[in-house]
Amino acid sequence: MALSVPIGTPSRYSSAVANDAVLEGFSSPVRAWFTSSFPAATDAQSRGFSEILAGNHTLISAPTGSGKTLAAFLVAIDRLVTLESQSAS
């Protein structure tokens, strides 16, 4: 799936979707880190997280600084955190 965020997007952060809904598929520690680090998910992140979490091949096309890299890597980081917490149990 390819997602494209228009270059003329007025705000870098999504005002339409609350972080709780956007971060629903992530573990509690990752959600807590994200919400303490960023005011909200960017448009690219809010549109990409669910596709990436679902394991879909996803291409996000958006301007530099729109959060594309974090959208991709946050899923990998979340999986590492989840594996670590499972092995500690």
Nearest non-hydrogen partners of Gly48 and Ile60, listed with the distance:
CA-CD1, 4.0 Å

At what distance, to the nearest 0.5 angstrom, does OG1 of Thr58 lie from CG of Leu53?
9.5 Å

Could you tell me whether a side-chain N or O of Gln45 sits under 3.5 Å from a main-chain N or O of Thr42, the two making a donor and an acceptor?
yes

With sequence neighbours left out, what residues match Ser36 under side chain to side chain donor-acceptor pair (under 3.5 Å)?
none

Lys68 (side chain) donor-acceptor with Ser61 (main chain) under 3.5 angstrom:
no

Could I get the full list of side chain to side chain donor-acceptor pair (under 3.5 Å) partners for Thr64, not counting sequence neighbours?
none

Phe38-Phe49 co-clustered via ILVMFWY side chain contacts under 4.5 Å
yes

Smallest heavy-atom separation, Ser66 atom then Ala44 atom, equals O-CB, 3.7 Å

Side-chain donor/acceptor pairs under 3.5 Å, residues 21-34, sequence neighbours excluded:
unit_1 : atom_1 : unit_2 : atom_2 : d
Ser27  : OG     : Asp78  : OD1    : 2.6
Ser28  : OG     : Arg31  : NH2    : 3.1
Arg31  : NH1    : Phe26  : O      : 2.3
Trp33  : NE1    : Ser37  : OG     : 3.3

Does Ser50 have any side-chain contact (heavy atoms from CB on, under 4.5 Å) partners at least two apart in sequence or in another chain, and if so, which?
none

Please enumerate all residues that pass side-chain contact (heavy atoms from CB on, under 4.5 Å) together with Thr69, with sequence neighbours excluded.
Phe73

